[in-house]
4 protein chains.
Amino acid sequence: MPRNGGKRPGPGSREAERRKTILRAAIDVFARKGYHGCRIADVAREAGVAYGLVYHYFHNKDELLRSVFEVSWGGFLARMRAVAEQPAPLAEKVRGIARVAFEAYRHDPRGVKVVILEIARSPAGARVDRNSAFADVVQLSERMFRAAQESGELRDELDPRVCAALLFGAIEMGLTALVVGVFNHKDDAVVERLQRQIAESLLGGVLSPRGASVDVEWKRERSGTRAVTARRS
Amino acid sequence: MPRNGGKRPGPGSREAERRKTILRAAIDVFARKGYHGCRIADVAREAGVAYGLVYHYFHNKDELLRSVFEVSWGGFLARMRAVAEQPAPLAEKVRGIARVAFEAYRHDPRGVKVVILEIARSPAGARVDRNSAFADVVQLSERMFRAAQESGELRDELDPRVCAALLFGAIEMGLTALVVGVFNHKDDAVVERLQRQIAESLLGGVLSPRGASVDVEWKRERSGTRAVTARRS
Amino acid sequence: MPRNGGKRPGPGSREAERRKTILRAAIDVFARKGYHGCRIADVAREAGVAYGLVYHYFHNKDELLRSVFEVSWGGFLARMRAVAEQPAPLAEKVRGIARVAFEAYRHDPRGVKVVILEIARSPAGARVDRNSAFADVVQLSERMFRAAQESGELRDELDPRVCAALLFGAIEMGLTALVVGVFNHKDDAVVERLQRQIAESLLGGVLSPRGASVDVEWKRERSGTRAVTARRS
Amino acid sequence: MPRNGGKRPGPGSREAERRKTILRAAIDVFARKGYHGCRIADVAREAGVAYGLVYHYFHNKDELLRSVFEVSWGGFLARMRAVAEQPAPLAEKVRGIARVAFEAYRHDPRGVKVVILEIARSPAGARVDRNSAFADVVQLSERMFRAAQESGELRDELDPRVCAALLFGAIEMGLTALVVGVFNHKDDAVVERLQRQIAESLLGGVLSPRGASVDVEWKRERSGTRAVTARRS
DNA sequence: CATGAATGAGTCTTCATTCAT
DNA sequence: CATGAATGAAGACTCATTCAT
């Protein structure tokens, strides 16, 4: 039983290869037809293996989805953490996170598609422990924003949790736009531009404005920082 | 045949009532269990009508989803258009759009949930002509941003399409956060705050900065706005 | 949903007929091929209904078996109880029980076959609450034997529970012999003879031998052993 | 190929050991979960050998069951024959047969369980040539009873075949009671008592009542009813 | 219009058996 | 001999859709 208690066998082994093949096939098929829209037979055919072999490596369709998620999400989370926890200004970190996300897309658009369309939002994703997964990433960036708030990099009146949500919302939306085909996802320049605009737009509105700002009333109404503007003139 | 060639029967008629009842039930059930996760029987039970009656009013499950979408999306689009096309500064419009969206949520969270989770992204949504639907709304706001760019309200270096995407991405993310339960969707103050922060964060980073800005290098690199930097020294 | 919470619909209704048809078919197919050896499709074909209809009336294969058991066993138990609890000498009761059992066989050999081969002993029967079912019948006869012991009809040294087991063991064995084909089950005389010999053999060894033997008539009727009676007088 | 044309390899060889191990495992697993309820994998795990090895020693699952039967049944039949063909009064023989059966149970309850529950009656047993097997034993005892009838030990009016059936029915029922757990199968005294009551009950009703009862010792030993016989003379 | 019984194609899942190493 | 990965046929169960009443 290669199921091996949930742990994947050591890399290089033939089984590990097989497993990976099937997982790749699953990602491709899920990306093409959606979790509900494909049959195990499709995965098997795509992987070029016999029907039953899929069940040799995965207990059932759910576990397949779960594994797809783990694989696609795992690396992303690790790189994200590295970026978020490095000692650097907030702006750097936010740009870094956007970069990591869009690089993941450039590297494996199908995997990203499945995570975004099938797991992140679809009820099919309920089969996955996505809550804790997203909780990880949201906590991560929430901490990041909170720290930035304490160091004065982030406006006082903002809720760090909302900032975190905004960041990933914007990223996810950008990726969705690519995934769904709103933007030309073949053109690296477009992808690059999208990635930048997301980070910068968020930052421009999020960072403490040293100078002047447009939405004066809103800020004042919340934190009474009339002085801020004044001080700067 | 109440199907009536696709058109809904006149309001007030008994059939119209029935139809609405079933549609409401479908929205509730789709919201609760997802399109794939529920059976026609669930809809019928929820509506308190006989199994087969659903098929009197809707050709099939797909049409049911399509109708749910039309109903939930229709009003939203109209109000959105009204806001986007009014003569007003960009900031007003953006805030208005956010307001419309979150009001829709307050008014019918289930409907919004279905549109967001089932139709907007899930492959199940392919059954719906969502592309043209979203195209409508994106075009709408793209026009809005483009006009703002021409009038000098929007930074020159930004792509209006990306702005549109960002706006709806942020809104959708905010709604998702509510729908998924990240934020307490019972507390109107929370919803209000979320709505505002989304609009303002976007605006703060999107509007032409009258004063100073943080991400100097990025802007310079793109549009050579020397003046900005200069002003700060 | 005719499942109706487990209760069968009122007799005479069309559904009740259908249900019965399917149940009969199930009994026949189970009897012919065994529980594990037949497919739902076989039952449907035998009943002359569509595949899915079986599931309209029974949740699953297990419930089908369970229902078969209830139907086949229910009547038997009731008649058994009537016999065991009537005021009569033990010998009468034992003969009556044997009669009831073999009449059940004459009336519905397939049903008896399923109960004996599929439910009574096969692990497949674990799906049925046979323990309590058999407990009923064993308790019933245990009480009967215990009472007979107190009234002096049953030897003191015998364990009533073992007697009960012996009685039903003998009956079941006899039925098995018919079911399995050891004896010619078409010949009513054979069945009759078997039934008698079982009751009388058990009785002859079980009844207290107070002087004259009890089952005089039976012996005389068969072999005219007048001497026996004579000697005893 | 250790299959060796169906013959088992010589005792003492490594293969013979392996084969026995697997067979034992099969008996245990069949006894625990039933023939249909277990997989080859279960047998292999129980035996502590590799999956495929089972197929080195047995062509298929059927042959496994068949072999289990041969092993469990073989010894029993031989000892039975020895008892039935010895020169001794019928009563002795019947008691001997009961003793052999219950000793087999004491020695290997699992094996007996499989033979009784899986092979003797279940349709799964059709995979085994049980007919000829049972034919053997029934013939054996039928001959025994017929001889006893000719020598005057058995009542004339009884059918020897039915007597044979009764004997094994009673025995099998008694074993079933143990196997199924009606009686406490851990308590040797209970088993002993059951074995005796079966033999004596059958005998008491089956033997010709020539004045004095045959099984005097048994009755006396239990209840000291010497008077009974006396009274009759 | 309403009802819900009837239909049957579509899928997941299991597991006996084979076979390359 | 041993191993366990690979194969694929078989069968239970679901549920959208139809249709007779």
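All figures in this text were calculated on a predicted structure; none of them were measured in a lab. We name chains A, B, ... by the order of the sequence lines, and we start the count at 1 in each one.
- Here E:dT3 is the nucleotide among E:dA2, F:dT17, E:dT3 with the atom lying nearest to any side-chain atom of B:Val49.
- Protein atom OH of B:Tyr57 is 20 Å distant from nucleotide atom C1' of F:dA16, rounded to whole Å.
- C:Ile22 places its CD1 atom 10 Å from the C1' atom of E:dA6, with the value rounded to the nearest Å.
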Worksheet entry | side-chain contact (heavy atoms from CB on, under 4.5 Å) evaluation trace for C:Arg18 with C:His56 | CA-CA 10 Å; C:Arg18 283 289 213 196; C:His56 201 67; over 6 Å; no
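- To the nearest angstrom, P of F:dT14 lies 18 Å from NE2 of B:His36.
- Annotation: side-chain contact (heavy atoms from CB on, under 4.5 Å) contacts of A:Asp62 (sequence neighbours excluded): A:Tyr35, A:Asn60, A:Arg66, A:Arg127.
- The list of salt bridge (Lys or Arg N to Asp or Glu O under 4.0 Å) pairs with a residue in residues 22-31 of chain B, not counting sequence neighbours, reads B:Arg24-B:Asp28, B:Arg24-B:Asp108, B:Asp28-B:Arg110.
- Toward the 5' end of DNA chain F, the nearer of the two residues D:Gly48 and B:Cys38, judged by each one's closest nucleotide, is D:Gly48.
- Pairing analysis of DNA chain E (Watson-Crick: purine N1 to pyrimidine N3 plus N6-O4 or O6-N4; G-U wobble: N1-O2 and O6-N3; both under 3.5 Å) yields stems of 3 or more pairs at E:2-21 with F:2-21.
- When rounded to the nearest whole Å, the span between CG of C:Asn60 and C1' of F:dC15 equals 16 Å.
- Projected onto DNA chain F by closest heavy-atom contact, A:Arg18 and B:Gly37 fall at different nucleotides, the more 5' of which corresponds to A:Arg18.
- Salt bridge C:Glu118/C:Lys113: absent, no basic N to carboxylate O contact under 4.0 Å.
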Exercise. Could you walk me through whether D:Val29 and D:Lys33 pass the side-chain contact (heavy atoms from CB on, under 4.5 Å) check?
Worked result: CA-CA 6 Å; D:Val29 176; D:Lys33 313 169 79 166; 4.3 Å; yes
List, with names and distances, any nitrogen or oxygen atoms from the protein found under 3.5 Å away from nitrogen or oxygen atoms belonging to nucleotides 19-21 of chain E.
none

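- Applying the side-chain contact (heavy atoms from CB on, under 4.5 Å) test to B:Ala47 and every residue at least two apart in sequence or in another chain returns B:Thr21, B:Ile22, B:Ala25, B:Val49.
- A heavy-atom distance below 4.5 Å is not found between the side chains of D:Tyr51 and D:Arg45.
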Note to self: Assess the residue pair C:Leu23 and C:Phe58 against the criterion (side-chain contact (heavy atoms from CB on, under 4.5 Å)); give the C-alpha distance rounded to whole Å, side-chain angles, the decisive distance to 0.1 Å, and a yes or no.
What the structure shows: CA-CA 9 Å; C:Leu23 216 42; C:Phe58 301 91; 3.7 Å; yes
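- Between the CG atom of D:Asp42 and the C1' atom of E:dT14 there is a distance of 12 Å, given to the nearest Å.
- Looking at the side chain of D:Leu53, the nearest of the listed nucleotides F:dT3, E:dG8, F:dA5 is F:dT3.
- The CD-P distance, from A:Glu15 to F:dT3, rounds to 15 Å in whole Å.
- C:Arg19 places its CZ atom 15 Å from the C1' atom of E:dA5, with the value rounded to the nearest Å.
- Between the D:Glu63 side chain and the D:His59 main chain, a donor and an acceptor come within less than 3.5 Å of each other.
- In this entry the distance linking CD1 of D:Ile40 with P of E:dT18 reads 11 Å, nearest Å.
- Residue side chain C:Tyr51 does not reach the base of F:dT14 through any donor-acceptor N/O pair under 3.5 Å, judged by distance alone.
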